[in-house]
Amino acid sequence: VPITYTSGEQVEVYRFSLPVTVGVPLLALFVQAFVPRRFPGFAVYLDLPLLVTIFFAMARRNPISGLFTGAVIGLLQDMLGGNQIGIYGIAKTVVGYLASSLGVKLDVENAGARLLLTLGFYLIHSAVYFTVAKGMVSLSQNWSWSRGVLAALANAFLGVILYFFLDKFKQRA
Amino acid sequence: MESVLGRYRNLVILVGVLFLQILGLAVQVKRSNDTENTRLIRVWAVDAITPFERVLIWAQNGTGNLWHNYVYLRGVRAENRQLKDQIEQLRLEQVRLNDDAAQAHRLQALLAFKEQFIAKTVAAQVIGSSGTDASRLLYIDKGENQHLKRDMAVITADGIVGKVLQVYPSVSQVLLINDQSSGVGTILEKSRLQGVLKGTANGQVALEGVMSDEQVSPGEAVLTSGGDQIFPKGLPVGTVTKVSTGKDLFLNIGIKPAVNLSKLEEVLVVVERQERQTTVQDVGRVRAADILAQRLPSVPDKPPSPTASAGAAAAGSAAAGAANAAAKPALKPEGKTQVGSTTAGSPVATPKVATPKVSAPKPAATAADQAASGTPKPDVQNGAQNGSPNMPPPKSAPAAGSATNAASGGAAGGAAPASKPTPDPATTQDSPH
């Protein structure tokens, strides 16, 4: 019997309707592309597609579903950028897998846990992205811990609020 | 084996998906050096996202226009009055600048400069961005349907923005100058040093390729050099903010872009450029005073004297060279020398030099008279031939005066009646005397 930190009720698996499954990631991508036009700092510090990936992965609690969600959202995000397609795809695939794997073991309904998990996942995402971009594609990247932590905190707080609203779309599987 | 795969099914799938993406990435990296076409998948993604952005922009602009144009008109009357005053001031300024521009055109014509013109631009609205700080891109609402092509320059009234990277039917992707993969040929306005403007990883802009023993001071303006074949020469790029010694032999020069790249709303895409040589016909308007001055009878000409040449020399430093030319009529002038003396504003000696034997491309007097009077000359060679010894030689001193006026920036002054212009060899045959 696997040792988990969740009760039987907490490991409830959720599913989402098709419009939510398709619409929410697309909306996140749209906002991510549109808002920096007026607020350039948005793109520097916030990553809505990542938050949506984490939410879906944690709610479904299925690693395969989580990694595919991350891969699709990441690849779409890559397509809107000018760099090679796949960098965000790889980073979000890893995050999607980890989030859904942890979702099975941890209580991810709690706001505090969500805050910490999102913070950690953002840093993991940044690290994977940095590694792939620098090591494989040879993009010039500057790693800044202060900026990374600040962005992680910003995403974590936004994530908690966002998850609260997205919880409304959950359906018990 | 099956049990292992079954036990680690999730992990295997994860590795498989990651492997596929890495493979795809590797293929792209390998091909990125070639001339690649736009990938269909990228076209689909852009087509899926941009219509929403267009609709939102349209609604946003509509609401904004309704509010600003019909509702919120407070202070418009005062602003209107202020703008009218400003227009009056600008008109005065324009008159002065027109004269300067006309003079510059004349000098360009004399030097056989080739000018680049922005012949046609397409105004476009910024509708989105890449959404990441890893690639600094913009999406604009014009594309193939508006005849946009890759590598077209994108500018605003303040300066350059970037270049068109990808073109879709109704949308285009613009690579900003602060992107890492961007590069712009630039020149420093005062020191005339050339370098390449590159974007940095943190979205700043730096000038590369300037040697560390060169003097570059903060505040100096940076312009496009035209060397990249994308941006026309002379467009504002930005200003130097900081200069420090780099690792190698080059300076680290930080640049503040002339355009606020983070708050762009409308841009212009240069869809057509023209290059043409400045011709004499391009020279500014012919003034009535010039025409009148040419038709007035002139004082009979005096034989050439050293004092006249000396007087001309006093009018401009290069006139001395022209006096030498007068002293040596047999000297065959070279093109470059002629041009040099022409720009110095020495119209004196060459009519005497310009015998039919001399096949000078542009006699200095003819050219400088043009500069002074602003009158187009139909044929320089004819002018040289008309300046034969049979013709009465033109007066020296007034001609020098008129040329001096022109050379000193007083193009309008060059036509002043006091200059009593010397009939130009080219136009002498048309004059009453």
Side-chain angles (χ1 to χ4, degrees), chain A residues 26-49 62-64 66-68 70-71 74-91 93-94 96-98 100-101 129 132-133 136-144 147, chain B residues 9-11 13-14 16-18 20-29 31-32 39 41-46 48-50 52-53 56-57 60 126-139 165-166 173-176 179-181 198-203 260-265:
Chain A
L26 282 182
L27 186 67
L29 285 167
F30 167 70
V31 172
Q32 187 71 27
F34 183 75
V35 174
R37 184 179 156 268
R38 284 294 175 94
F39 306 101
F42 187 91
V44 178
Y45 289 103
L46 296 176
D47 194 342
L48 280 184
N62 181 343
I64 296 174
L67 74 90
F68 275 113
L75 288 173
L76 282 172
Q77 196 174 1
D78 277 320
M79 286 169 209
L80 289 175
N83 295 327
Q84 282 79 4
I85 296 170
I87 310 177
Y88 274 114
I90 291 170
T93 304
V94 173
Y97 177 81
L98 292 177
S100 52
S101 301
Y129 183 91
V132 176
M136 195 170 166
V137 190
S138 299
L139 286 180
S140 172
Q141 295 281 307
N142 289 337
W143 177 263
S144 160
R147 205 186 80 169
Chain B
R9 194 173 64 113
N10 293 346
L11 208 57
I13 293 174
L14 172 70
V17 171
L18 286 179
L20 284 176
Q21 291 187 65
I22 290 171
L23 201 67
L25 207 53
V27 170
Q28 294 172 67
V29 173
R31 288 183 181 169
S32 63
R39 288 180 177 77
I41 199 162
R42 213 181 271 264
V43 177
W44 288 344
V46 170
I49 293 292
T50 51
F52 297 105
E53 292 178 332
L56 214 62
I57 288 284
Q60 187 184 346
V126 178
I127 58 169
S129 68
S130 67
T132 72
D133 61 335
S135 63
R136 297 173 198 285
L137 301 170
L138 289 179
Y139 286 93
L165 189 66
Q166 299 285 358
Q173 201 179 46
V174 176
L175 183 74
L176 295 177
D179 188 89
Q180 298 176 54
S181 57
K198 303 277 280 181
T200 62
N202 53 0
N260 188 348
L261 296 170
S262 59
K263 291 194 175 173
L264 285 167
E265 294 195 15

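By convention in this document, chain letters (A, B, ...) are assigned in the order of the sequence lines, proteins followed by strands, and residues within each chain are numbered from 1.
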Fill in: Close side-chain approach of A/Phe68 and B/Ile13, heavy atoms under 4.5 Å
yes
For B/Gln21 and A/Ile90, the nearest pair of non-hydrogen atoms, with its separation, is OE1-N, 3.0 Å
Most heavy-atom pairs under 4.5 Å with chain A, out of B/Leu261, B/Thr200, B/Ile57, B/Asn202, belong to B/Ile57
Heavy atoms of B/Ser129 and A/Gln32 approach each other most closely as OG-O, 4.5 Å
CG of A/Asn83 to OG of B/Ser130, rounded to nearest 0.5 Å, is 8.0 Å
Those residues at least two apart in sequence (or on a different chain) that pass ring pair (Phe, Tyr, Trp, His ring centres under 6.0 Å) with A/Tyr129 are A/Tyr88
Honestly, the part of B/Leu11 sitting under 4.5 Å from a heavy atom of chain A is both
All heavy atoms of A/Gly82 vs all of B/Leu137, minimum pair found to be N-CD1, 3.0 Å
Turns out that what part of A/Val35 lies under 4.5 Å from chain B's heavy atoms comes down to neither
Cut-off 4.5 Å, heavy atoms of chain B, and the answer for A/Asp78 is backbone
What one should report as the nearest heavy-atom pair of A/Leu67 and B/Val17 is CD1-CG2, 3.4 Å
Assert top hit (heavy-atom pairs under 4.5 Å, partner chain A, pool B/Leu56, B/Leu20, B/Thr50) equals B/Leu56
In this structure, CG of A/Leu27 is separated from CZ of B/Phe52 (nearest 0.5 Å) by 9.5 Å
Nearest heavy-atom approach of A/Met136 to B/Ile22 is CE-O, 3.3 Å
So, the part of B/Gln180 with a heavy atom under 4.5 Å from chain A: the answer is side chain
When every non-hydrogen atom of A/Gly81 is compared with those of B/Ser135, the smallest separation belongs to CA-OG, 3.6 Å
Ring pair (Phe, Tyr, Trp, His ring centres under 6.0 Å) filter on A/Phe30, not counting sequence neighbours, yields A/Phe34
Whatever's closer than 4.5 Å to a heavy atom in chain B on A/Ile87 counts as both
